[in-house]
Amino acid sequence: MASSATLLHHYSPRPSNSSSSSSSPGSSSSFDRPFNSKFLCFFGINNIWKSQSFRAHAMSTTEGSVLSPKGLMNTEDEPEHLLVLVHGILASPSDWTYVQAELRRQLGRNFLIYASSCNMFTKTFTGIDGAGKRLADEVRLVVKKRESLKKISFLAHSLGGLIARYALAVLYSSNNCNEQSDNAVTSTSANLKPVGSLNEGLIAGLEPVNFITLATPHLGVRGKNQLPFLLGLPILEKLAAPIAPIFVGQTGSQLFLTDGKPTKPPLLLRMASDCDDGKFISALGAFKWRVLYANVSYDHMVGWRTSSIRREAELVKPPWRSLDGYKHVVDVEYCPPASCEGPHYPLEVAKAKEAAQNAPSTRRTLEYHESMEEEMIRGLQQLGWKKVDVSFHSSFWPFFAHNNIHVKNEFFHNAGAGVIAHVADHIKLQEKQPESSSLITPSL
């Protein structure tokens, strides 16, 4: 451990090749569809899923699938703005059937609304980094097939938000050719770096506009009520971390912040900074608007704290009444960038991580998670965020909140229609604003 401690002071993270070798864009798992079909049969909605899948497939191929990119050229429209939809864990483009149709109706022909298909079902188990690289390859392919594109935005649900954030760093290019060490001053012992200039740079060669997430666990799922179906019970939260990788692979370790060696910061902490793995914060900062939609309650998969990037003390009970015209959208807050050095990964945290991995106990893991959560918040708060709180307490099926927020199924989850209307109006409003303006209208 003495040698490991020495490494911390000169730490330089290097990307792993393990995920890339097993997660090429064209690869597919032979048990993806059977697994999902059995799961849906169990809930008695297999027929609904099939009809939704066929409809989504038709819509996706109209816009162009990564498996059949020629579809991108089969229309006379010449859209300028690419909106990439990224689904969550164990999901597929069919999750976006309602959203895709509604956004196309609301936004018009200037938008190419593309539902990603490169990380369907169990491919989401291969790690956020592996899935992020596949998404980046898919986006490049779409951009290559459409020369009319000038702008790019992302709308992601759940785990898809983290996958999209990783892809942004892969797709990011600075438009400052003389960028030197001024923006690369090491502020931590783990070579995690503060953010440079905001609203600079390109994503896949396009102007980045909106980055929007719906119920995404930006701080991971470790800690009290971050994974709500564990009921906040310490014993369940203690057992969940070592069990998660068995069921959801490398993604589970990353979500519970136990991935990698103790001397290396967990992936989600690295993604809250600019580091040798990628310029994650600079890529996010290149977008004109970053918007978080978070379920206040009844979401059993992702807690309010992690999806809204807030500390426990910052969770103030929102209004019960919905905003006019947007049912179940209860509050909107704009949080300006905070002046701070960015995240740290000191020797004490590395020791706590090692203890959480090798000899987990309630006290040790709590100390580690609390320190990691604070550092991730510090890193992400270097950027300004628009935070939108959603509450399905008055809906017919409030316990479906995690799927309601993006209307996964138009019949079961239509309570989220107001959320999608809010997303569409936000995008339309920003599209109409002058290029020099980055103000966000309070009513939205």
Side-chain angles (χ1 to χ4, degrees), residues 86-89 124 127-129 131-132 135 154-169 192 195 210-228 244 251-259 265-275 277-287 289-296 299-315 333-335 337-338 340 342-343 369-390 401-402 405-406 423:
V86 188
H87 62 72
I89 198 166
T124 54
I128 294 166
D129 46 351
L135 176 60
F154 285 79
L155 173 61
H157 174 247
S158 193
L159 180 67
L162 296 175
I163 293 172
R165 278 176 51 196
Y166 194 96
L168 297 184
L192 304 176
V195 65
N210 289 292
F211 181 78
I212 305 171
T213 63
L214 309 170
T216 288
H218 290 285
L219 309 178
V221 297
R222 193 81 180 253
K224 186 176 180 181
N225 291 326
Q226 299 287 58
L227 191 60
T251 302
S253 298
Q254 292 168 349
L255 289 173
F256 279 92
L257 312 178
T258 55
D259 56 297
L267 178 64
L268 292 190
L269 179 59
R270 303 200 302 274
M271 287 172 58
S273 70
D274 283 350
C275 64
D277 287 329
K279 293 193 173 182
F280 297 102
I281 289 295
S282 291
L284 268 178
F287 286 83
W289 298 278
R290 291 159 296 278
V291 189
L292 307 172
Y293 286 81
N295 281 316
V296 172
D299 189 326
H300 296 296
M301 298 300 296
V302 178
W304 184 19
R305 196 165 79 249
T306 184
S307 57
S308 63
I309 312 179
R310 290 184 174 112
R311 299 173 178 88
E312 186 73 33
E314 296 170 346
L315 298 179
E333 177 187 12
Y334 178 67
C335 300
C340 63
H369 304 145
E370 286 181 347
S371 61
M372 283 295 89
E373 182 173 298
E374 179 60 28
E375 296 303 330
M376 285 186 287
I377 290 175
R378 284 166 54 90
L380 293 171
Q381 282 187 344
Q382 294 176 98
L383 306 173
W385 296 88
K386 176 181 174 182
K387 301 182 180 182
V388 183
D389 291 323
V390 178
H402 191 68
I405 201 169
H406 77 307
V423 171

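Both backbone and side-chain heavy atoms feed into the values below; hydrogens, waters and symmetry mates do not. These numbers come from a predicted model, not from an experiment.
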Mind checking side chain to side chain donor-acceptor pair (under 3.5 Å) for Ser308 and listing every partner two or more places apart, or none if nothing turns up? Arg310
Do Leu380 and Leu219 come close enough that some side-chain heavy atom pair is under 4.5 Å? yes
Taking the side chain as every heavy atom from C-beta outward, state whether Tyr293 and Ile212 have any pair of such atoms under 4.5 Å apart. yes
All heavy atoms of Val86 vs all of Gly160, minimum pair found to be CG1-O, 3.6 Å
Nearest-0.5 Å distance that lies between atom CE in Met372 and atom CD1 in Ile377: 11.5 Å
Indicate yes or no for a side-chain donor-acceptor contact from Ser307 to the backbone of Ala294 under 3.5 Å, with no hydrogens or angles considered. no
Does Ser371 offer a backbone N or O that forms a donor-acceptor pair with the side chain of Glu374 under 3.5 Å? no
Would you call Asp274 and Lys279 a salt bridge, taking side-chain N to carboxylate O under 4.0 Å as the test? no
Is there side-chain contact between Leu268 and Leu257, with at least one heavy-atom pair below 4.5 Å? yes
Closest contact, heavy atoms only, Gly132 versus Ala167: O-CB, 3.4 Å
So do the side chains of Ser158 and Val302 get within less than 4.5 Å of each other, counting heavy atoms only? yes
Are side-chain heavy atoms of Pro337 and Gln382 found at a separation under 4.5 Å? no
For residues Gly88 and Thr124, report the shortest heavy-atom separation together with the two atoms involved. O-CG2, 3.7 Å
All ring pair (Phe, Tyr, Trp, His ring centres under 6.0 Å) counterparts of Phe154, not counting sequence neighbours: none
Side chain to side chain contact (heavy atoms under 4.5 Å, CB included), that's the test. Do Leu135 and Tyr166 meet it? Break it down for me. CA-CA 9 Å; Leu135 176 60; Tyr166 194 96; over 6 Å; no
Within the side chain of Arg290, is there an N or O that forms a donor-acceptor pair under 3.5 Å with the backbone of Gly384? yes
Spacing of CZ belonging to Phe211 relative to CZ belonging to Arg165, to within rounding of 0.5 Å: 7.0 Å
So, for Met271 and Phe280, which heavy atoms are closest and what is the spacing to 0.1 Å? O-CB, 3.4 Å
Let's go through Val388 and Val423 carefully: what are the C-alpha distance in whole Å and the side-chain angles of both, what is the deciding distance for side chain to side chain contact (heavy atoms under 4.5 Å, CB included) to 0.1 Å, and is it a yes or a no? CA-CA 10 Å; Val388 183; Val423 171; over 6 Å; no
Does any non-hydrogen side-chain atom of Phe287 lie less than 4.5 Å from one of Asn210? no
Passes side chain to side chain contact (heavy atoms under 4.5 Å, CB included), Met376 versus Gln381? Steps please. CA-CA 8 Å; Met376 285 186 287; Gln381 282 187 344; over 6 Å; no
Among residues at least two apart in sequence or on other chains, which ones pass salt bridge (charged side-chain N to carboxylate O under 4.0 Å, His left out) with Arg378? Glu375
Side chain to side chain contact (heavy atoms under 4.5 Å, CB included) partners for Thr216, two or more places apart: Leu162, Thr213, His218
For His157, the ring pair (Phe, Tyr, Trp, His ring centres under 6.0 Å) test, sequence neighbours excluded, returns His402, His406
Test item: Asn295 side-chain N/O and Ala401 main-chain N/O as donor-acceptor pair under 3.5 Å: yes
Under 4.5 Å between any side-chain heavy atoms of Pro217 and Leu255, yes or no? yes
pair Lys387-Val291: side-chain heavy atoms closer than 4.5 Å: no
Name all residues meeting the salt bridge (charged side-chain N to carboxylate O under 4.0 Å, His left out) criterion together with Asp259; count only those two or more places apart in sequence or in a different chain, and write none if there are none. none
Check step by step if side chain to side chain contact (heavy atoms under 4.5 Å, CB included) holds for Leu284 and Leu168. CA-CA 7 Å; Leu284 268 178; Leu168 297 184; 3.9 Å; yes
One thing to verify: whether Arg305 and Glu373 come together as a salt bridge, which I'm taking to mean a side-chain N less than 4.0 angstrom from a carboxylate O. yes
Work out which heavy atom in Pro343 is nearest to a heavy atom in Leu269; give both atom names and the distance. CB-CD1, 3.5 Å
